[in-house]
There are 2 protein chains.
Amino acid sequence: MAERRRRSQHERTAETSARLLNATIDLLHDQGFSRISTPQIAAQAGVSRGALTHHFATKEELVTDAINAMLERVTADLHRFAEDIAARGGSSDEIVDYIWRMMSDRLFYVTMEYLPEARHNDEFKDRLVPVVKNFHAGLDAIWMALAASRGADPGHTRTVMNASMCLVRGMIAQTVLREDPDYYSEMLAFWKAQVARHFPEKPARAARVAPKPATAPAAKRAAEPNSKPAKSLPARTAPKRGARA
Amino acid sequence: MAERRRRSQHERTAETSARLLNATIDLLHDQGFSRISTPQIAAQAGVSRGALTHHFATKEELVTDAINAMLERVTADLHRFAEDIAARGGSSDEIVDYIWRMMSDRLFYVTMEYLPEARHNDEFKDRLVPVVKNFHAGLDAIWMALAASRGADPGHTRTVMNASMCLVRGMIAQTVLREDPDYYSEMLAFWKAQVARHFPEKPARAARVAPKPATAPAAKRAAEPNSKPAKSLPARTAPKRGARA
DNA sequence: ACTTACAAACAGTCAAGTCTGTTTATTTGG
DNA sequence: CCAAATAAACAGACTTGACTGTTTGTAAGT
């Protein structure tokens with residue numbers, strides 16, 4: 001046995017809780033809400049079931065706490081990204097890529113697992129709504145930063161933001177039944193072009209690269225023509241067995 | 001006892017199966033996949049549990065059959081609508097409205113209930129994929145009819161179609177946690193304007209009503225300015241207790 | 001000493017699938 | 001055409017297994 005330092009109560013609680021919360025998210029992602037049980041979560045976390053029940057009275061409490069912790073982590077990242085974007089005046093393409101990566105990296109898969117529960121369980125839903133609101137505030141910060149730096153209308157920018165989020169949600173839902181990377185990368189490229197059209201060029205910078213006719217057949221094949229070649233665009237399609245973050 | 005006509009075996013099977021399949025979809029919509037049980041379905045259908053097990057060996061079989069039946073119904077409607085659109089040359093606004101109505105009228109709520117199951121159960125998924133493909137063929141027919149009548153590029157039209165579907169999926173997912181009719185109607189109006197931009201006017205008809213600048217701040221408030229005032233646009237927000245169709 | 005963290009056994013519930021028995025329709029031999 | 005034979009539709013009890021929440025007991029920290 002390795003030297004096991006004496007840990008304070010607070011440390012023990014923090015570690016055990018964290019293990020359980022992480023295990024819950026991992027299993028939620030990998031197996032789904034209806035398939036996970038408290039014995040399984042305890043096993044995955046490497047603690048006894050008694051420890052689990054000690055820290056979380058009910059399964060519902062454990063799951064909502066786990067989701068809240070996840071959303072708070074993601075929201076913190078979001079706010080950091082917003083500051084970064086505001087500082088260096090990033091492009092809308094960058095934002096779309098970020099959202100896609102964030103959402104398809106477990107976040108929306110986990111969301112899809114608990115949405116049905118939230119739809120039928122008001123207490124569950126009520127616990128989630130506030131932290132989800134906070135998450136949306138993070139999103140708003142990002143887009144408002146872009147709107148400010150480009151002099152775009154905030155109200156209209158919010159509509160574009162909301163549409164972007166909903167589009168990505170729908171795309172990720174679609175990955176469950178449809179495996180086709182081209183389908184997703186084409187749609188992302190199309191959407192980036194759409195979003196870019198709503199933000200005028202930065203006032204500081206001078207000329208536009210290619211004005212491009214803004215009429216109907218705007219982007220016959222909107223795949224490549226836009227900015228970045230393809231850093232790590234789409235590719236993710238419903239990863240069932242994901243390693244932990 | 002009221003006069004109970006002698007029914008053929010075939011009639012009895014058809015009726016009992018139909019009752020069970022309908023009850024399954026109703027309960028799937030109202031309670032969710034994880035909450036429904038075979039005793040409950042039998043009760044809702046007004047048949048005994050024995051009758052249920054006689055016609056459907058497993059719960060999985062019952063549920064997939066029920067979903068398939070629903071999707072086939074919706075797909076039939078879709079093809080009818082496609083013919084109709086082709087015949088009278090409807091607008092893209094009309095199509096967007098139709099899709100929104102169709103999806104938010106239980107279809108995508110039911111889908112959200114079974115997607116998690118499909119994600120973790122390959123057999124379940126494999127049973128669904130073919131009928132979902134057929135559904136998408138119906139969608140394709142609609143949009144290709146529009147593209148043909150407007151002389152739009154089919155490939156690009158498909159991208160717009162896919163984006164429309166994903167957007168609507170994401171919007172409906174969002175209704176679970178966010179109740180805000182304006183949010184949805186604004187987004188729909190915005191999207192209709194986007195889609196309309198990709199279809200040139202009908203060659204037969206003469207003048208355009210209002211060309212409208214297609215530049216950045218295209219629709220500062222895109223709520224009313226588009227075509228139809230508002231027939232039965234959005235309004236639906238996560239109806240938990242829906243009457244049967 | 002006393003409280004908190006952890007461990008494990010326990011009790012109650014309920015689902016899915018199987019099995020046995022009963023009624024209703026269809027087939028068939030006279 | 002009818003009655004016996006057969007098959008299908010239906011009804012409900014039973015088995016097994018698993019999960020949640022509870023309780024009782026032990027070890028670690030304050």
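Residue numbers begin at 1 in each chain, while the letters A, B, ... track the order of the sequences. All values below were derived from every heavy atom in this structure, side-chain atoms included, with hydrogens, water molecules and symmetry-related copies excluded.
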_Distance below 4.0 Å between A:T38 side-chain N/O and D:dG21 OP1 or OP2_ = no
*Rounded to whole angstroms, how far apart are CD on A:E15 and P on D:dG29?*
12 Å
*How would you list, by chain and number, every residue that makes a side-chain hydrogen bond (donor to acceptor under 3.5 Å, both in side chains) with A:T75, sequence neighbours excluded?*
none
*asked:* So, OP1 or OP2 of D:dG12: does either fall under 4.0 Å of a side-chain N or O from B:S48?
replied: no
*salt bridge (Lys or Arg N to Asp or Glu O under 4.0 Å) pairs, two or more places apart, involving residues 130-143 of chain A*: A:D140-A:R158
_Closer than 3.5 angstrom, by distance alone: can the side chain of B:T53 be matched with the main-chain N or O of B:G50 as a donor-acceptor pair?_
yes
*Heavy-atom contacts under 4.0 Å between residues 50-65 of chain A and DNA chain D, which residues?*
A:T53, A:T58, A:K59
*Rounding to a whole Å, what distance do you find between A:L20:CG and C:dA5:P?*
13 Å
*Who are the side chain to side chain contact (heavy atoms under 4.5 Å, CB included) partners of B:T16, not counting sequence neighbours?*
B:L20, B:V47, B:A51, B:H55
_Do the side chains of A:K125 and A:D122 get close enough for a salt bridge, i.e. N-O under 4.0 angstrom?_
no
_Rounding to an integer number of Å, can you tell me how far B:Q31 CD sits from C:dC14 C1'?_
15 Å
*asked:* What is the separation between atom CD1 on A:I41 and atom P on D:dC19, rounded to the nearest whole Å?
replied: 11 Å
*Where the side chain of B:R12 is concerned, which of C:dA15, D:dA13, C:dT24 is the nearest nucleotide?*
C:dT24
*Residues two or more places apart in sequence or in another chain: which of them pass side-chain hydrogen bond (donor to acceptor under 3.5 Å, both in side chains) with A:E60?*
A:N121
*If each of B:I36 and A:T13 is mapped to the nucleotide of DNA chain C with the nearest heavy atom, which maps nearer the 5' terminus, i.e. the 5' end?*
A:T13
_Rounded distance (Å) that lies between atom C1' of C:dT24 and atom CD of B:E11_ = 13 Å
*Name all residues meeting the side-chain hydrogen bond (donor to acceptor under 3.5 Å, both in side chains) criterion together with B:W143; count only those two or more places apart in sequence or in a different chain, and write none if there are none.*
none
*Rounded to whole angstroms, how far apart are CZ on B:R49 and C1' on C:dA15?*
8 Å
*asked:* Using the side-chain heavy atoms of A:S37, tell me which of these nucleotides is nearest: D:dA9, C:dA16, D:dT20.
replied: D:dT20
